[in-house]
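All remarks here apply to the structure that follows.
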Amino acid sequence: MSFSDETLMAFADGELDDITKHEVELAMRLDPQLAARVRQHQALRSNVFNAFAPTLDEAVPQRLQAAARSGKVVHLNTVRAARNVPPPLVTAPAPRKRSWTWLEWGAMAATLVAGVFGGIIGSQAFSGNGAMVGIDNDGGSLVARGELANSLSQQLASAAPPGAAVRIGVSFVSKDGVYCRSFTLPNTGGLACRDSSVWRIPVMAATEGGGGEYRQAGSSMPAAVLEAVDARITGKALDANAERNARQQGWKR
Amino acid sequence: MTSHTTLHADIAALLPRLRRFARSLTFNRDDGDDLVQGALERALGHSGQYQAGTRLDSWMFRIIKNAWIDEIRSRGRREQMFAPEEAGAHVGDDFAEAHQQRLAIQKAMSLLSEDHRIVIALVLVDGLPYKEAADVLEIPMGTLTSRLARAREALQGLLSDQARTVA
């Protein structure tokens with residue numbers, strides 16, 4: 001039986017399920033070359049671990065202990081960032097006494113459509129992020145608008161400005177040959193793919209445990225979005241340079 | 001709900017691992033500790049963003065990783081930061097051999113791309129499970145495993161080159 005290098009690596013990292021693990025162990029007994037490849041992965045793992053292990057035995061510097069234990073580590077940048085935390089994206093509308101105009105009914109209908117789309121993938125996905133997502137003129141799909149559209153076009157992954165509501169996760173070329181980028185909004189994660197001049201959003205879902213708190217520093221991508229990325233990605237994710245080039249080309253390929 | 005005091009104590013307990021992670025990115029004691037200190041400030045300044053019940057270590061690693069990427073980007077092209085410590089000390093005993101091997105690994109890691117170095121630091125230096133490492137990097141599992149495989153290959157290649165040069 002032959003195993004991919006990734007499987008042998010996962011074996012060395014203790015990441016295989018019991019059945020595959022057993023198969024690899026069996027194959028190692030029968031195939032000395034395969035056994036040697038596994039040993040190389042194991043040796044690299046233990047050598048790299050050992051190279052940095054002594055750090056654990058060092059005394060933690062006082063300044064770090066103090067920083068961790070004190071609640072008063074407040075630097076100017078922190079204060080600034082806190083001040084820039086974006087306000088809730090949609091505030092509750094003021095109570096209205098007069099009857100609604102047709103325009104408002106239209107807006108409500110659009111919200112309901114968004115709600116239906118959102119319901120497919122996560123009922124919480126749209127609450128609070130309405131200004132950033134819209135229905136395409138064709139009526140068929142969701143597109144990024146406003147700050148989300150700007151961030152998708154301009155922001156490099158992991159380089160969100162302090163206090164930004166939108167964070168870009170991973171950028172890649174999809175099997176359809178277009179650029180796609182994963183993103184998180186407060187309580188929501190999604191995937192956007194470039195289609196001529198707009199970002200279409202095939203998947204958007206509530207982040208796990210999203211409960212109305214801003215959590216961009218530690219937000220995690222919903223599983224539905226990660227699966228959508230896995231299903232679409234070809235090759236590897238873009239690095240910072242490739243992202244910059246793609247941005248320069250207006251995300252056209 | 002995790003109280004602030006508990007969160008602080010929990011973060012303090014993670015400090016040795018956080019320092020090791022930072023060291024494996026910066027290779028320098030002071031740079032690594034600066035990175036950790038900056039990350040502590042970010043974390044405690046935004047402690048409301050930590051979701052009780054999720055892994056605190058992953059959250060802190062993600063903050064350190066983001067702080068490091070910001071640092072590198074603001075610095076422009078990363079200058080060569082690898083500073084071998086007292087190489088040649090204790091020549092001729094087992095300690096020296098182990099020490100030389102550690103230096104060789106650190107040197108090779110310093111030559112990796114940032115993406116590769118970070119994934120090696122999470123999985124091989126810290127020993128995080130793939131799922132947690134993918135969570136820290138905010139990438140899917142498939143991307144994590146292929147990135148890790150390429151990073152290992154690159155690291156192994158660099159170490160083999162070193163071995164050839166020495167021999």
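Lettering follows sequence order; numbering is per chain, from 1. Here the structure is a predicted model, which is why all the values come from computation and not from measurement. Basis for what follows: all heavy atoms, side chains included, without hydrogens, waters or symmetry-related copies.
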Original post:
Any donor-acceptor pair under 3.5 Å linking the side chain of A:Ser151 with the backbone of A:Glu147?
Top reply: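 Yes; judged by distance alone, with no hydrogens or angles, the pair exists.
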Original post:
Just by modelled atom types, is the B:Leu112 backbone N or O under 3.5 Å from a matching donor or acceptor in the B:His116 side chain?
Top reply: no
Is [X] in contact with chain B via its backbone, its side chain, both, or neither, using a 4.5 Å heavy-atom distance?
{"X": "A:Ala43", "value": "neither"}
{"X": "A:Asn50", "value": "backbone"}
{"X": "A:Ile233", "value": "side chain"}

Would you say the side chains of [X] and [Y] form a donor-acceptor pair under 3.5 Å?
{"X": "A:Thr20", "Y": "A:Asp17", "value": "yes"}
{"X": "B:Gln37", "Y": "A:Arg63", "value": "yes"}
{"X": "B:Trp68", "Y": "B:Glu114", "value": "yes"}

Taking every heavy-atom pair that is under 4.5 Å apart, which of [options] has the most such pairs with chain A?
{"options": "B:Ile11, B:Val123, B:Asp115", "value": "B:Val123"}
{"options": "B:Asp33, B:Thr143, B:Val36", "value": "B:Asp33"}
{"options": "B:Arg29, B:Arg17, B:Glu153", "value": "B:Arg29"}
{"options": "B:Met60, B:Gln156, B:Met109, B:Lys131", "value": "B:Gln156"}

**OP:** Below 4.5 Å from any heavy atom of chain A, which atoms of B:Leu148 appear? Answer side chain, backbone, both or neither.
**Re:**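 Answer is both: backbone and side chain atoms of B:Leu148 are under 4.5 Å from chain A.
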Subject >> NZ or CZ of A:Arg181 within 45° of A:Phe172 ring axis and under 6.0 Å >> reply: no
**OP:** Against chain B, work out which of A:His41, A:Arg45, A:Glu6, A:Glu15 has the most heavy-atom pairs shorter than 4.5 Å and name it.
**Re:**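 Answer, by heavy-atom pair count under 4.5 Å with chain B: A:Glu15.
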**OP:** With the side chain counted from C-beta on, respond yes when A:Trp251 and A:Trp199 share a heavy-atom pair under 4.5 Å apart, and no when they do not.
**Re:**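 The answer is yes; the side chains approach within 4.5 Å.
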